[in-house]
Engineer: 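Got a structure here, written out as structure tokens. Questions coming.
When reading the values below, keep in mind they use all heavy atoms of this one structure, side chains included, and skip hydrogens, waters and symmetry mates.
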There are 2 protein chains.
Amino acid sequence: MSDHIGMTIGEVAQRSGVPAKTIRYYEDAGVIGRALRGENKYRTYSDSDVQTLRFIHRARSLGFSLKEVTDLLALYRNRRRTSREVKKIALAHVAEIDRKIAELTAIRKTIANLAERCRGDDRPDCPILDEFEALDL
Amino acid sequence: MSDHIGMTIGEVAQRSGVPAKTIRYYEDAGVIGRALRGENKYRTYSDSDVQTLRFIHRARSLGFSLKEVTDLLALYRNRRRTSREVKKIALAHVAEIDRKIAELTAIRKTIANLAERCRGDDRPDCPILDEFEALDL
DNA sequence: GATAGGCCTTCCAGTAGATGGAAGGTCAAG
DNA sequence: CTTGACCTTCCATCTACTGGAAGGCCTATC
């Protein structure tokens with residue numbers, strides 16, 4: 001594991017997949033804490049910041065709101081919360097994720113079904129296109 | 001199965017979980033076709049419209065853009081596309097969904113791990129909160 | 001030492017995807 | 001005959017970015 005301790009915003013942007021501008025926005029919006037500044041006033045990031053940003057990136061692309069992500073990250077950071085409370089919130093999130101996985105699986109089935117019934121030739125349509133039955137999840 | 005053939009927007013909103021205002025917005029935005037109007041100029045919907053709206057609702061909540069959803073629905077509607085093309089696009093979507101499922105599974109693991117390590121008592125924090133290692137997906 | 005590129009700041013504009021409200025009108029049920 | 005649900009159009013607000021401009025500092029290269 002390389003110890004990239006003094007990364008610039010550009011480097012961390014490239015590593016995390018989150019644009020520099022969006023990282024600054026997240027800082028403003030309180031999703032992530034205010035980044036430490038070097039002597040040159042540049043923001044400095046570590047590997048764990050890259051992890052956090054990747055986490056945010058993933059969660060956002062999976063339909064979690066910025067508020068949900070913020071709360072989730074706060075869950076990890078806030079030492080004043082009781083173990084009971086953290087556990088309760090975390091388990092609620094797990095349940096929500098299981099629901100999302102089930103829904104994705106349903107949509108996958110619908111689309112895979114469409115693909116399956118397509119002959120894959122030059123004919124103008126797939127049999128299933130006539131009816132909207134495929135959306136019958 | 002009840003044959004709700006002449007549903008109003010309010011009824012379909014309630015059944016699909018998509019607010020009436022949003023349904024009108026989807027019509028404007030070309031996500032769904034212009035709804036048939038009754039003699040009273042009211043939009044009329046059928047059961048299949050409810051299915052479609054539920055599909056849109058799910059897909060949106062899972063991080064698909066409105067454009068992606070629109071294209072996906074067009075895939076079912078457009079009879080001019082070749083079977084080959086439909087199959088190709090459908091399979092690409094299946095691959096994307098599999099990726100999303102994998103990411104959700106990773107996030108689930110992270111959060112379940114946090115919950116697991118919480119004692120669930122009144123102590124002020126969970127052991128894992130000290131380090132950000134839990135995000136090491 | 002000049003020039004280029006990455007960073008800093010602040011600010012303002014625009015986009016997507018809704019969501020809410022107001023204005024003004026129709027319609028069907030109690 | 002008054003509610004309540006629908007119709008229309010329009011305009012404002014919100015979230016979560018994304019982009020650009022202005023003005024300035026840092027760092028590396030020619």
Engineer: Can you tell if the side chain of B:Glu68 reaches within under 4.5 Å of the side chain of B:Asp71, non-hydrogen atoms only?
Structural biologist: no

Engineer: So do A:Ile97 and B:Ile107 actually touch side chain to side chain, heavy atoms under 4.5 Å?
Structural biologist: yes

Engineer: Find the distance A:Ile9:CD1 to C:dG6:P and express it as a whole number of Å.
Structural biologist: 13 Å

Engineer: So, for B:Ala13 and B:Ala20, which heavy atoms are closest and what is the spacing to 0.1 Å?
Structural biologist: CB-N, 3.7 Å

Engineer: Is it possible for you to say whether B:Val69 and B:Leu91 belong to one hydrophobic cluster, with membership spreading through side-chain heavy-atom contacts below 4.5 Å?
Structural biologist: no

Engineer: I want to check a possible cation-pi pair here: B:Lys21 against B:Tyr26, using under 6.0 Å from ring centre and within 45° of the ring axis as the test.
Structural biologist: no

Engineer: Nearest-Å distance, CG (A:Asp71) to P (D:dT15)?
Structural biologist: 14 Å

Engineer: How many Å lie between CD1 on B:Ile23 and P on D:dT8, as a whole number?
Structural biologist: 13 Å

Engineer: Tell me whether the OP1 or OP2 atom of C:dC8 has a side-chain N or O from A:Arg24 closer than 4.0 Å.
Structural biologist: yes

Engineer: Hydrophobic clusters here meaning ILVMFWY residues chained together by side-chain heavy-atom distances under 4.5 Å, can you tell me if A:Leu66 and B:Leu66 are in one?
Structural biologist: yes

Engineer: Looking at B:Gln14, I want to see if its CD is surrounded by more than 12 non-hydrogen atoms of other residues, nucleotides or ligands under 6.0 Å.
Structural biologist: no

Engineer: What integer distance in Å separates B:Asp28:CG from C:dA16:C1'?
Structural biologist: 15 Å

Engineer: Using a 4.0 Å cut-off on heavy atoms, which residues in residues 30-38 of chain B reach DNA chain C? List them by number, or say none.
Structural biologist: none

Engineer: Please state how far atom CD in B:Glu68 lies from atom P in C:dA16, giving the value in whole angstrom units.
Structural biologist: 14 Å

Engineer: Which letters describe nucleotides 18-26 of chain C, given B = protein heavy atom under 4.0 Å from base, S = only from sugar-phosphate, - = neither?
Structural biologist: BSBB----B

Engineer: Does a side-chain N or O from A:Thr8 land closer than 4.0 Å to OP1 or OP2 of C:dG6, or not?
Structural biologist: no

Engineer: What do the steps show when you test B:Ser16 against B:His57 for side-chain contact (heavy atoms from CB on, under 4.5 Å), and what is the final call?
Structural biologist: CA-CA 8 Å; B:Ser16 65; B:His57 196 54; over 6 Å; no

Engineer: Does a nitrogen or oxygen in the side chain of A:Arg43 sit under 4.0 Å from OP1 or OP2 of C:dT9?
Structural biologist: yes

Engineer: If hydrophobic clusters are built by linking Ile, Leu, Val, Met, Phe, Trp and Tyr wherever their side-chain heavy atoms come under 4.5 Å apart, do A:Tyr42 and A:Ile23 end up in the same one?
Structural biologist: no

Engineer: Can you tell me the distance, in whole Å, between the NZ atom of A:Lys67 and the P atom of D:dC14?
Structural biologist: 16 Å

